[in-house]
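Any value given below was found using the heavy atoms of this structure, including those in side chains, with hydrogens, waters and symmetry copies removed.
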Amino acid sequence: MLFILRFIDLPSKQAIRQQFLQMHLDWLAERRQQIKIAGSLRAEGSELAIGALWIVEAENADAVRAVFQTDPFWQQGLRASFEIHSWSKAFPELVAL
């Protein structure tokens with residue numbers, strides 16, 4: 001099953017993003033089989049990341065939670081909140097993920 005995971009970052013914790021960015025990217029790379037797409041979100045016209053969006057393959061939402069709770073960004077307190085939504089592709093025959 002596919003899930004959309006949306007994170008909102010704490011604006012006061014931007015230094016964590018810079019300090020742990022490489023560790024976070026390495027962590028993501030180790031989970032490519034499960035985290036199909038991941039990237040930061042920015043307000044229009046801004047270079048400052050305000051959160052992230054991932055597409056995750058997992059059995060259920062609890063499995064999704066278990067994955068991101070080991071992310072360095074989560075463990076270091078960058079994330080203010082998250083949303084998990086199940087997702088159905090409009091064109092299931094396309095293998096873009």
Side-chain angles (χ1 to χ4, degrees):
M1 178 178 264
L2 293 174
F3 292 88
I4 298 293
L5 183 53
R6 181 173 170 243
F7 295 101
I8 302 297
D9 292 349
L10 288 165
S12 62
K13 303 284 186 172
Q14 284 300 308
I16 289 173
R17 177 176 290 282
Q18 293 309 311
Q19 183 178 355
F20 292 93
L21 179 60
Q22 190 57 56
M23 188 181 297
H24 167 73
L25 293 174
D26 293 344
W27 179 91
L28 284 171
E30 291 172 4
R31 288 154 182 82
R32 281 186 172 190
Q33 290 297 328
Q34 192 168 23
I35 302 171
K36 303 300 184 178
I37 295 177
S40 58
L41 296 170
R42 291 168 171 72
E44 185 176 349
S46 174
E47 291 297 316
L48 185 65
I50 58 171
L53 181 80
W54 299 356
I55 298 176
V56 178
E57 187 171 7
E59 288 186 29
N60 54 48
D62 287 338
V64 174
R65 283 184 195 86
V67 169
F68 78 76
Q69 290 178 353
T70 63
D71 176 9
F73 280 178
W74 181 262
Q75 292 182 334
Q76 296 300 320
L78 175 63
R79 308 300 193 188
S81 63
F82 66 91
E83 297 176 349
I84 298 174
H85 302 277
S86 60
W87 184 57
S88 299
K89 290 170 54 177
F91 305 106
E93 71 280 3
L94 296 178
V95 186
L97 299 176

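Annotation for I35 and A38: closest pair CG2-CB, 3.9 Å, computed over non-hydrogen atoms. A pairwise comparison of heavy atoms in R17 and S40 identifies NH1-CB, 4.1 Å as the closest pair.
Placement of L2 and F82 in two distinct hydrophobic clusters is found when ILVMFWY residues are connected by side-chain heavy-atom separations under 4.5 Å, directly or transitively. Connection of I55 to W27 is not established within any shared hydrophobic cluster, with ILVMFWY side chains joined at heavy-atom distances below 4.5 Å, either directly or through further cluster members. With hydrophobic clusters built from ILVMFWY side chains whose heavy atoms lie under 4.5 angstrom apart, W74 shares a cluster with I16. Cluster annotation: F3 is not connected to I8 through the hydrophobic network of ILVMFWY side chains, with a link wherever side-chain heavy atoms come within less than 4.5 Å. Cluster annotation: L10 and L21 are assigned to distinct hydrophobic clusters (Ile/Leu/Val/Met/Phe/Trp/Tyr, side-chain heavy-atom contacts under 4.5 Å, transitive).
Annotation: side chain of R79 is in contact with side chain of D71 (closest heavy-atom distance under 4.5 Å). Between M23 and D26, every side-chain heavy-atom pair lies at or beyond the 4.5 Å cut-off. At least one side-chain heavy atom of W54 sits under 4.5 Å from a side-chain heavy atom of L28. Under the 4.5 Å side-chain criterion, counting only non-hydrogen atoms from C-beta, L41 is in contact with R6. Between L5 and L53 the shortest side-chain heavy-atom distance does not fall below 4.5 Å.
Residue Q69 places its CD atom among more than 12 non-hydrogen atoms of other residues, nucleotides or ligands, all under 6.0 Å distant.
The line from NZ of K13 to CD of Q19 is 11.0 Å long, rounded to the nearest 0.5 Å. Atom-to-atom distance recorded for H24:NE2 and L78:CG is 8.5 Å, nearest 0.5 angstrom. Going from atom CD of E44 over to atom CZ of R42 covers 14.0 Å, rounded to the nearest 0.5 Å. To the nearest 0.5 Å, atom CD of residue E57 and atom CD1 of residue I37 are 12.0 Å apart.
Within the 3.5 Å criterion, the main-chain N or O of D9 finds no donor-acceptor partner in the side chain of Q14.
Here F7 and F73 keep their ring centres 6.0 angstrom or further from each other.
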